[in-house]
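Working notes for the structure below.
A quick note: this is a predicted structure, and the numbers were derived from the prediction, not measured.
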Amino acid sequence: MSDAIQAVRGMNDVLPDEAELRLWLDGVVAAWFARYGYRPIRTPLLEHTGLFRRAIGEATDIVEKEMYTFTDALNNESLTLRPEATASTVRAAIEHSLVYDGPKRLWYAGPMYRHERPQKGRYREFTQFGAEAFGYPGPDVDAELIVMCAALWRELGLEGIRLELNTIGSAEERAAYRADLVKHLLAHASALDADAKRRLHTNPLRVLDSKNPLVQEVVASAPALMDYLGEASRAHFDGLRRLLTTAGVAFAVNPKLVRGLDYYNLTVFEWISDRLGAQGTVCGGGRYDGLFAQLGGKPAPGVGFAAGVERLVALLGAPVSTGPSAYLVHQGEGTLEYAFALGEELRAAGFAVVLHAGGGGFKAPMKKADASGAALA
């Protein structure tokens, strides 16, 4: 048996073909965000554990089972590798007073970490890019974020990604609904699986998106959250749907869509592909108007989304061709030194040049030139 050390399970190497595709995607995404007026922000991989416990919710799967948390021996404080970036971005906005002079449109990209069972499209280290819009209370920015995503799918040539949309109302409306939902679920407790029973008293709205057919039957006869919405929540959702219809973005209202994070209110949405198997959500997000106050800041509305890079790469498929402009072959005494100098001149002029290394006659270098994808040798 080999004693060679391998990568940690769920933490994957990104090899050159895919890495080049990701670099190309990074450029497309950065330019796309800039066209909509979103500015970049970067936050640390490590945060205080309390940030995610307070923001995401103690009773969520992420906090209960999936976070990489450890005690920093030097300072005796609990730290966590970020499982998502919205909480970190709001924390940064509060800490640096980013919204003191008005609303902000921000975007981020980078690795996230969740201790999940690795499977296709779901890894323990995964990459996301996303947008957060702070200080905008109306449905216009909700619609903007969704329309942005539709534009990106078109630019990338991705087809068959459908939009599911819902509103989960205000905290007060959800509390009233939650009480009646729990009563309904308790009345059908014998049909609930262990996961649904666990969530029953901690996060009952998560039972709504159970994939268990027996639980789905119970959910089908449950009260509808839409019936608990007040006038303001209904107006916000109606405004969002009008804007999306005007923009020509097709959507389906899914009353069971709630998302897995406690900070959401009003709008929630997911972009879903049927080409990815069980992990079909390509992008998801929603509104989180209470999160600033929840994290100790001055109240401010917020809305955003995150998209999974690994899942988009799987949909994109073939790598982007990134062969060099030229493959520089040299043969004979003194030509290596000249080739070195010529290669630098060409690179300084903006060309991508690979210099042959390893000697040999002309046959082997020319084969390597062909394999490199260079336009010229």
Side-chain angles (χ1 to χ4, degrees), residues 8 10-11 40-100 104 106-116 122-135 168 170-172 174-175 178 198-206 258-266 268 284-306 308:
V8 176
M11 313 278 184
I41 186 171
R42 298 292 180 262
T43 59
L45 296 182
L46 270 180
E47 297 274 10
H48 293 288
T49 303
L51 170 67
F52 301 114
R53 290 189 181 279
R54 197 189 301 185
I56 298 172
E58 293 278 3
T60 59
D61 285 350
I62 293 174
V63 171
E64 285 185 338
K65 301 184 295 184
E66 297 172 2
M67 294 202 310
Y68 279 93
T69 297
F70 64 94
T71 300
D72 180 356
L74 186 62
N75 299 313
N76 195 32
E77 57 185 356
S78 181
L79 302 177
T80 295
L81 284 169
R82 63 183 185 192
E84 58 98 54
T86 296
S88 296
T89 308
V90 171
R91 190 267 311 147
I94 294 170
E95 185 172 341
H96 302 285
S97 303
L98 291 185
V99 294
Y100 83 96
K104 293 290 184 293
L106 305 171
W107 73 274
Y108 62 83
M112 314 292 161
Y113 299 87
R114 296 185 191 178
H115 196 280
E116 300 183 288
R122 173 177 282 182
Y123 308 109
R124 291 175 175 173
E125 180 184 63
F126 57 98
T127 309
Q128 290 183 336
F129 62 82
E132 313 292 354
F134 300 149
I168 57 174
S170 68
E172 295 76 19
R174 284 196 308 281
R178 185 181 187 275
R198 178 178 63 84
R199 288 171 165 162
L200 182 57
H201 296 290
T202 57
N203 199 356
L205 267 67
R206 292 291 289 150
V258 294
R259 303 286 293 153
L261 308 172
D262 279 0
Y263 54 60
Y264 284 119
N265 72 300
L266 294 173
V268 289
R287 182 163 283 279
Y288 46 85
D289 291 337
L291 189 53
F292 271 78
Q294 197 172 318
L295 295 180
K298 184 179 178 180
V303 60
F305 68 77

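Heavy atoms from other residues, nucleotides or ligands lying under 6.0 Å from CG of N76 number 12 at most.
In this structure, OG1 on T86 lies 10.5 Å from CZ on F305, to the nearest 0.5 angstrom. Here CD of E125 is found 9.5 Å from OH of Y68. Values are rounded to the nearest 0.5 Å. Interatomic distance, CD of Q294 versus CG of D289, reported as 11.5 Å (0.5 Å rounding). Between T89 atom OG1 and I94 atom CD1 the span is 11.0 Å, to the nearest 0.5 Å.
Two residues are said to be in side-chain contact when any heavy atoms from C-beta on lie closer than 4.5 Å; P111 and M11 fail this criterion. Two residues are said to be in side-chain contact when any heavy atoms from C-beta on lie closer than 4.5 Å; R287 and N265 meet this criterion. Taking 4.5 Å as the limit, some side-chain heavy atom of H48 sits within range of a side-chain heavy atom of L79.
For the salt bridge (charged side-chain N to carboxylate O under 4.0 Å, His left out) test, no residue two or more places apart in sequence or in another chain qualifies with E172.
Of all the heavy atoms in Q128 and A306, the pair that sits closest is OE1-CB, 3.6 Å. Residues K104 and V99 approach most closely at CG-CG1, 4.2 Å, considering heavy atoms. In plain terms, the two heavy atoms of Y108 and R42 that are nearest each other are CA-NH1, 3.4 Å. Closest of all the heavy-atom pairs between F126 and P83 is CZ-O, 3.8 Å. Residues A55 and L291 approach most closely at CB-CD1, 3.7 Å, considering heavy atoms. The minimum heavy-atom distance between G10 and Y123, with the atom names listed, is O-CB, 3.5 Å.
Shown are R124, M67, E84; of these, the side-chain contact (heavy atoms from CB on, under 4.5 Å) with R114 is made only by E84. S88 pairs in a side-chain contact (heavy atoms from CB on, under 4.5 Å) with only one of the listed residues (I41, L46, L45, T43), which is T43.
A donor atom on one side chain and an acceptor atom on the other are found under 3.5 Å apart for E132 and Y288.
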Test side chain to side chain contact (heavy atoms under 4.5 Å, CB included) on L98 and F134; report intermediate values, then the result.
CA-CA 9 Å; L98 291 185; F134 300 149; 5.6 Å; no
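Residue pairs meeting the ring pair (Phe, Tyr, Trp, His ring centres under 6.0 Å) criterion with at least one member in residues 72-94, sequence neighbours excluded, do not occur.
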